[in-house]
Amino acid sequence: MRNRLLPVRVLLFLLLLLLVLWPAPAGAHVVAPGADLRIAQTIAGAELTMTVRGVSRTPAPAVVEIEAFHPVPDLRVELTLRSSENGRASRAAVRLAAGRAGPYRVSMQVFRAGPHELEVRTPAERSVLPVRVLVPATSPWELVIHGGFYVAGILVVGGLLTGGTSRRGPALAVRAGALAGVVALTVAVVSPQLPEPVPDGAAPVADPSGSGAGRPYASGTGRPYVMAAFSTQPARPAAGAEFTLVADLVDGSTGRPVDDLTLHHEALAHLVVTSADGAYFRHLHPVRLGPGRLAVRLRADRPGRYLAHAELERTDSGGQLITGTFDVTGTATAGPQEAGTGPAPVLAPARPVAGRPTTMRLRTAGSLQPWLGMPGHLIVRDRDGGFLGHVHATPTRTPELTFTFSFPAPGTYFAWIQYARNSTIETVPFTVTVGTESDT
Ligand SMILES: [Cu+2]
C-alpha cells in the first residue's frame, strides 16, 4: 500500500515545489500593459511631470498625478482623457499653487483600452498628447497552467482523501489529477517560448506581407527620418519678450506631418535650446499643438543666434536628433546666465582626449529625485552646434553623479549636468577642452 502511494506523493510534492518556486515570466514588452505612463511637459512656464497610473481592467478609475518643478506658478490645469475610437472622455481639473511642487492628484475614468488623447489645457496653452491605454490580457497558456495545477490539486488531494490508494474511483481521480499536473507543468516549461498575449488596446500591426497576423508588436524596418523646420512666433523675437518656438515635423518620404512619436525618456521630444556662445541653456518638453507640430514658449535675455536640438523617436524606429536655428533681436535685458555657484564636476582624465572615455563626477547635496527616469543628465555641445551629445548618470545610491562620455573630436565643448532635487531642476554648466592623444 505504502509503496503504491509513494510515486503519487513524490509527484504531488514536486508539483507543489514547482508552483512555489516557478519564476514570474520575464516581461520583454515594448509596451507594458497596466504600467504607469509618465509624460514631461513644459507648459505655461511650468515644467510638469504627469503620471497616468496603469489600469488592469476597463472601465476603471485612473489616477493622474502631476508633479511640478520650481518655480511653480499659480496655474489651473484641465485634463481630458478622450478615447480616439469613440470620443468618450473623462475630465478633471487641478489648481497648482505657486511654490507648491505637489504631487497633485486627480481622479479620472478610463472607459476602454486603446488609443486616447490626453489633453492638457492651461489658460494660455494647450497640449494634446497621444497615449495608449493597455490592459493586460491573460494568456491562454497561463489559463492552462493555472487551471491544470488547480484541477491536479483537487483531484489528487480529493482522491487521496477519499481512499485513492484502495478504491478504484478515487484512484482514477488521483491518476487524472497527476496527468493534469503533468500537462500544466509541461506548458509551464515551454510557455516562455510561446507567443505573448496581445494586450487589450494594443496598436494593430501593419504587416505588408499579410502573414504576421496576431503578432503583437511590429518588428520595424523603421520609418523614414523626420524632417524638421523650426520657426518662431513672432518671426523676429525680441530679447526679453516671450515668443513661441515651433517645430514642424514632416515624414521624409511622404511629406506628411509626423504624428507617431513615441514617448522616450518620458517625453515626446526633448528640446535643448542654447545660445551660440553657450551662455543660455534650456532643456524643455514641448507641447503638441496638433499632428506633427510641437511648440514651447521661451524668453531669451540677449540678442543673437540660438540653436535648437530636439531628440525624438518615431514608433518602430530609432531615436533621432533634429536641429535648427533662430535669431533674437533687440538689446540685452540681462547679462549672460549666471554660472552655477555649486561645485564643478571633477574630470578624469583632467584633460580629456578625443575618442577616449572621460569620467565626470559631480558631488550633489544628496536626496536626488529621478527626473525623466534618470538620476542625472549630461548634455554636451560643441562650439558651432554641429554636435550634441546626451548621456545619463550611472545609477548609484550615493549623492555623487557619475557620467562617462567620449568627446568625438578635439576642441572646446559646452556641457551641462542636470538633476532634480527638492523638486528643483539643477543645471550645472561648465566647459571642457578636449585634446588629442599627442597632447598628453
Ligand atoms: Cu528632456
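Atoms within each ligand, like the ligands themselves, are counted from 1 in listed order.
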(Q) Looking at Y306, I'd like to know if the NZ or CZ of R302 sits under 6.0 Å from its six-membered ring centre while staying within 45 degrees of the ring's axis. (A) no
Q.
For R112, is there an ion pair with D200 - N to carboxylate O distance below 4.0 angstrom?
A. no
Q | Tally of protein N, O or S atoms, where distance to the Cu ion (ligand 1) is under 2.8 Å | A | 3
Q: Using only heavy-atom distances, determine whether the side chains of E67 and T49 contain a donor-acceptor pair under 3.5 Å.
A: no
Q) Is the ring centre of Y413 less than 6.0 Å from the ring centre of F407? A) yes
Q: Would you mind checking if E65 and R105 are paired as a salt bridge, meaning a charged N to carboxylate O distance below 4.0 Å?
A: yes
Q | Minimum-distance pair of heavy atoms, taken over all atoms of V287 and R126 | A | CG2-O, 4.0 Å
